[in-house]
Amino acid sequence: MPDEPRHFLEQIIDADNASGKWGQWSPAECTSGQTPGTSRVHTRFPPEPNGYLHIGHAKSICLNYGLAEEFGGKFNLRFDDTNPSKEEQEYVDAIKEDVAWLGGAYEGAFGGGIFWASDYFGQMYAWAEELVQKGLAYVCDLNAEQMSQMRGDLKTPARSPHRERSPQESLDLLRRMKAGEFPDGSRTLRAKIDLNSPNFVLRDPVMYRIVHAPHHNTGDAWCIYPMYDWAHCLEDSLEGITHSICTLEFRNNRPLYDWFINAINQGRNADGSGKYGKLVHHPQQIEFAKLKLTYTVMSKRFLLQIVKDGKVSGWDDPRMPTLRGMRRRGYTAASIRQLCKDVGVTTQDSVIDVGRLENCLRDELNKVAPRRMGVLRPLRLRIVNWGEGGAADRVEMMNAINNPEDASAGTRPVAFTGELFIERDDFMENPPKKFFRLAPGAEVRLRYGYWVRCVDVVKDGAGNVTEVLCTYDPQTRGGDDPPPGPDGTVRKVKGTIHWVSATRNAKAEVRVFDRLFSAETPGERTGSFFDDLNPNSLEVLRDAVLEESLAHAEHGERFQFERLGYFCVDQDSRPGAVVFNRSVTLKDTWAKESAKDAGKPGTPAPRGTQGPQGPQGPQAGAKK
RNA sequence: UGGUCGAUGGUGUAAUCGGUAGCACAGCAGAUUUUGGUUCUGUUAGUCGAGGUUCAAAUCCUCGUCGACCAGCCA
């Protein structure tokens, strides 16, 4: 049997383990997830606490945690809190919760724990002074604008008037910066690398900037804060990270990552006898392609904006690509992990069809979600000959299968009465070919109920059908086929539709969501994401009727409403005022079929309001 | 325009340092079905281009083409 193909990161780690590059876990380091003597693999997820985590972050979490688990290593959660002006405690709490929910068990068997860049500020500063003394860093008196002007361009080297300042002078200035003697932005500490480098990242990058702002963790202890490049490699080093995995856009920064570690290691050696002591750990930065999805925007700035603007109800709006939003929508952590696994890990930029995410959820829920019947947009159906089979107001309890994929889920009783509700989309007065549902003269099976034939309709003044009149066949109880006729043939029916009793039901509010954007690549058309927001991404259905038992459904429960999709109970749900979210529709080949004839009169809308993923939805024509 | 990186069906991803281009999703066709769901079967479709090396190239070389990223005191 051939093994599963290993992605490039697994191959790198395989090779590292074979060569012993990172050494082995010592007994003291091991918890239940590690074994002494096995090769060290230590990863981390380093979010900046300035926003909520989204599906893009999920890939990084799954990758980093997954590698630690696969190789019996460790996974750290580390807050990269180096910029006090943008970060808030609110985000810290949310991120912890989301990472854990997704399965990034940073405190489990493969967890290294939770860490803070801000806890290293002291050590980072000490190393900064060291670099100044080595002549590898200097204080620059340029402000941001001046530095930008002297940055040079593709063909022109940068200029820096203070780079030849003596180490003593720089050290004095750095200490005064730290002491708070200078205003914000007036000076910086810069690495002395190469003003002529074609890689702008190396043109004497800033290591520290002056920011007089309270930090959520260190308070007002500091007024200088480290920049990403200076801080990140040190954080990794201090935590013993082996594989520092980041996204592609940090490729240009890798030489700087290595430069800083090497700069610290100047004057250090393996046995600690160097002038500055022992070598510090040098992790390896490796870049991979982040997750991008069609019809989706991950930009933190943009997501923050639509929350502020009230375009969505909050960070946990079920239409948001945030982990909280998706969780509320009904996505499971396992389905998100599955997507991350499916799409692979490479160094090629790519865009994943959001439909694959939806498929992951369907696959999982199909196996486990209990089935129920629910009518989102009710149309009354009256059985005119119901009285012939007994009392006209009788209730018959029907036996419905809870999950055809899982026999152990058993069955449940469902109340059937002479007046029912069916889905408005399941009746057409003038049906097109291949419409297998109800129409004048047509017969359908009511699932687990009876076969009914439409004999008439009732209309309102405007000509809208308000009631469908049917006869039922008492010989089809349970939805079973009737006995063979006199000629030995069995009557057939093409369609089976769902229903809910008009008198024995649970009223509910159902929120059906469509994609937040109507363009496959939001912003492509006009340059603004806002122009592609789908104005119909939310529809609230207040007249939905469900099986009685659903009146007591509790927050977090998930069901398949037969023929419609998967739904979960929203946090807004209250006893007597149940609220469901549609997580995802079922695949709907009829919607697709009928959409082929779109434009022709008499073509029905896809089942269940505003169309699922069918080309008839708002995304129609979005493809270039 | 300087640098770095990438390019395999519609999409995503394999092909163990040159040896039969495979898998998944989507699509299409059919079977099963008391969900137009699920499941099953079959099927369409690909190595960015031009040269070169070689018995043999997705893989190596050259030159192009296209795309991504970089000139924050953001990360």
Side-chain angles (χ1 to χ4, degrees), chain A residues 2-7 11 46-48 50 80 82-83 85-86 140 142-145 147-148 151-156 158 184-190 196-203 205-211 224-225 227-229 231-232 246-255 287 289 294 300-301 342-353 355-356 359-360 362-363 366-367 371 373 400-401 404-405 434-437 444-449 451 476 478-481 493-498 560-565 585-594 607 623:
Chain A
D3 291 328
E4 286 259 301
R6 317 238 331 132
H7 60 67
Q11 291 177 23
E48 182 189 12
N50 70 345
D80 204 6
T82 57
N83 187 349
S85 57
K86 293 168 64 178
C140 176
L142 261 24
N143 63 30
E145 191 189 346
M147 196 182 293
S148 175
R151 176 79 52 190
D153 58 34
L154 299 178
K155 325 191 91 161
T156 319
D184 285 4
S186 59
R187 284 186 166 79
T188 57
L189 180 71
R190 291 228 250 172
N196 205 4
S197 175
N199 183 355
F200 279 72
V201 164
L202 299 177
R203 315 252 268 215
V206 172
M207 295 164 64
Y208 276 98
R209 75 281 218 185
I210 301 173
V211 180
I224 58 172
Y225 290 92
M227 297 288 291
Y228 167 85
D229 290 294
H232 205 89
C246 63
T247 49
L248 254 25
E249 65 266 31
F250 288 101
R251 261 196 172 133
N252 296 327
N253 300 55
R254 181 161 20 116
E287 310 85 17
T294 57
K300 277 188 200 173
R301 196 198 126 274
D342 284 353
V343 301
V345 183
T346 67
T347 58
Q348 303 175 30
D349 276 309
S350 60
V351 182
I352 307 299
D353 184 343
R356 288 181 69 166
N359 279 341
C360 288
R362 289 189 187 104
D363 280 351
N366 174 52
K367 297 188 197 94
R371 271 57 168 176
M373 289 196 285
I401 294 168
E405 307 292 316
K434 298 208 272 186
F435 183 78
F436 300 149
R437 287 114 90 155
V444 295
R445 181 197 332 265
L446 295 176
R447 188 152 162 91
Y448 304 126
W451 289 23
T476 57
D480 291 346
D481 288 356
V493 80
K494 291 283 279 221
T496 297
I497 64 174
H498 60 279
Q560 182 196 99
F561 290 176
E562 297 222 22
R563 302 209 308 133
L564 295 178
T585 62
L586 252 29
K587 274 194 205 155
D588 191 344
T589 51
W590 166 244
K592 211 160 51 184
E593 179 83 12
S594 59
R607 176 168 11 90
K623 211 149 183 146

When all nucleic acid strands are considered with a 4.0 Å heavy-atom cut-off, which category describes [X]: base, sugar-phosphate, or nothing?
{"X": "Asp153(A)", "value": "base"}
{"X": "Gln560(A)", "value": "base"}
{"X": "Asp342(A)", "value": "nothing"}
{"X": "Gly185(A)", "value": "base"}
{"X": "Met227(A)", "value": "sugar-phosphate"}
{"X": "Asp480(A)", "value": "base"}
{"X": "Ile352(A)", "value": "sugar-phosphate"}
{"X": "Thr589(A)", "value": "sugar-phosphate"}
{"X": "Tyr208(A)", "value": "nothing"}
{"X": "Pro47(A)", "value": "nothing"}
{"X": "Tyr225(A)", "value": "nothing"}
{"X": "Val351(A)", "value": "sugar-phosphate"}
{"X": "Asn83(A)", "value": "sugar-phosphate"}
{"X": "Arg445(A)", "value": "base"}

Pairwise [atom1] distance, [M] and [N] [rounded to whole Å]:
{"N": "rA45(B)", "M": "rG10(B)", "atom1": "P", "answer": "11 Å"}
{"N": "rG12(B)", "M": "rA7(B)", "atom1": "P", "answer": "12 Å"}
{"N": "rG22(B)", "M": "rU59(B)", "atom1": "C1'", "answer": "16 Å"}
{"N": "rU39(B)", "M": "rA24(B)", "atom1": "P", "answer": "13 Å"}
{"N": "rG46(B)", "M": "rU8(B)", "atom1": "P", "answer": "14 Å"}
{"N": "rC69(B)", "M": "rG37(B)", "atom1": "P", "answer": "40 Å"}
{"N": "rU41(B)", "M": "rA26(B)", "atom1": "P", "answer": "15 Å"}
{"N": "rU43(B)", "M": "rA50(B)", "atom1": "P", "answer": "30 Å"}

Polar side-chain atom of Trp451(A) near backbone of Leu446(A) as donor-acceptor pair, under 3.5 Å =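 No; judged by distance alone, with no hydrogens or angles, the pair does not exist.
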Residue pair Lys155(A)/Leu248(A) against RNA chain B: nearer the 5' end by closest nucleotide is Lys155(A)
Nearest nucleotide by nearest heavy atom, which residue falls closer to the 5' end of RNA chain B, Lys434(A) or Arg251(A)?
->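 The answer here is Arg251(A).
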No-H, no-angle donor-acceptor pair, [X] side chain to [N] base, under 3.5 Å:
{"X": "Glu405(A)", "N": "rG37(B)", "answer": "yes"}
{"X": "Arg371(A)", "N": "rU35(B)", "answer": "yes"}
{"X": "Arg362(A)", "N": "rG37(B)", "answer": "no"}

From [options], pick the nucleotide closest to the side chain of [X]?
{"X": "Arg356(A)", "options": "rA71(B), rG36(B), rU11(B)", "answer": "rU11(B)"}
{"X": "Glu562(A)", "options": "rG36(B), rU13(B), rU35(B)", "answer": "rU35(B)"}
{"X": "Asn252(A)", "options": "rC73(B), rC70(B), rG37(B)", "answer": "rC70(B)"}
{"X": "Asn366(A)", "options": "rG37(B), rA71(B), rA75(B)", "answer": "rG37(B)"}
{"X": "Pro404(A)", "options": "rU35(B), rU34(B), rC69(B)", "answer": "rU35(B)"}
{"X": "Thr347(A)", "options": "rU35(B), rG6(B), rG12(B)", "answer": "rG6(B)"}
{"X": "Val343(A)", "options": "rG12(B), rU1(B), rG37(B)", "answer": "rG12(B)"}

Side chains of [X] and [Y], donor plus acceptor under 3.5 Å:
{"X": "Arg356(A)", "Y": "Asn359(A)", "value": "no"}
{"X": "Glu145(A)", "Y": "Asn143(A)", "value": "no"}
{"X": "Glu249(A)", "Y": "Thr247(A)", "value": "yes"}

For [N], take OP1 and OP2 only and decide whether either is under 4.0 Å from a side-chain N or O of [X].
{"X": "Thr346(A)", "N": "rU13(B)", "value": "yes"}
{"X": "Arg209(A)", "N": "rA75(B)", "value": "yes"}
{"X": "Ser148(A)", "N": "rC73(B)", "value": "no"}
{"X": "Asn359(A)", "N": "rA26(B)", "value": "yes"}
{"X": "Arg203(A)", "N": "rG2(B)", "value": "no"}
{"X": "Lys587(A)", "N": "rU38(B)", "value": "yes"}
{"X": "Gln348(A)", "N": "rU8(B)", "value": "yes"}
{"X": "Lys592(A)", "N": "rG27(B)", "value": "yes"}
{"X": "Ser197(A)", "N": "rG3(B)", "value": "no"}

rG3(B) base stacked by Phe200(A)? Criteria: ring centres under 5.5 Å, plane angle under 30°.
-> no
rG36(B) base stacked by Trp590(A)? Criteria: ring centres under 5.5 Å, plane angle under 30°.
-> yes
Start with the C-alpha gap between His498(A) and Leu564(A), add the side-chain angles, then the distance that decides, and say whether side-chain contact (heavy atoms from CB on, under 4.5 Å) holds.
-> CA-CA 9 Å; His498(A) 60 279; Leu564(A) 295 178; 4.0 Å; yes
Complementary nucleotide of [N], counting Watson-Crick and G-U pairs under 3.5 Å:
{"N": "rC28(B)", "answer": "rG42(B)"}
{"N": "rG64(B)", "answer": "rC48(B)"}
{"N": "rU20(B)", "answer": "none"}
{"N": "rG37(B)", "answer": "none"}
{"N": "rC69(B)", "answer": "rG3(B)"}

Smallest separation among heavy atoms of Arg445(A) and Asp481(A), with atom names =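 Looks like NH1-OD1, 3.5 Å.
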Side-chain touch Thr82(A)/His232(A), heavy atoms, less than 4.5 angstrom = no
With a 4.5 Å heavy-atom cut-off, do Arg437(A) and Trp590(A) have their side chains touching?
->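 Touching, per the 4.5 Å side-chain cut-off.
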Electrostatic pair Glu287(A)-Arg251(A), nearest N-O below 4.0 angstrom =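 Salt bridge present between Glu287(A) and Arg251(A).
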Rounded distance (nearest 0.5 Å) linking atom CZ of Arg190(A) with atom CG of Leu142(A) | 6.5 Å
Pick one for rG72(B): is it syn, with its angle within 90° of 0, or anti?
-> syn
Between atom CD in Gln11(A) and atom C1' in rA15(B), what is the gap in whole Å?
->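 Distance, rounded to whole Å: 11 Å.
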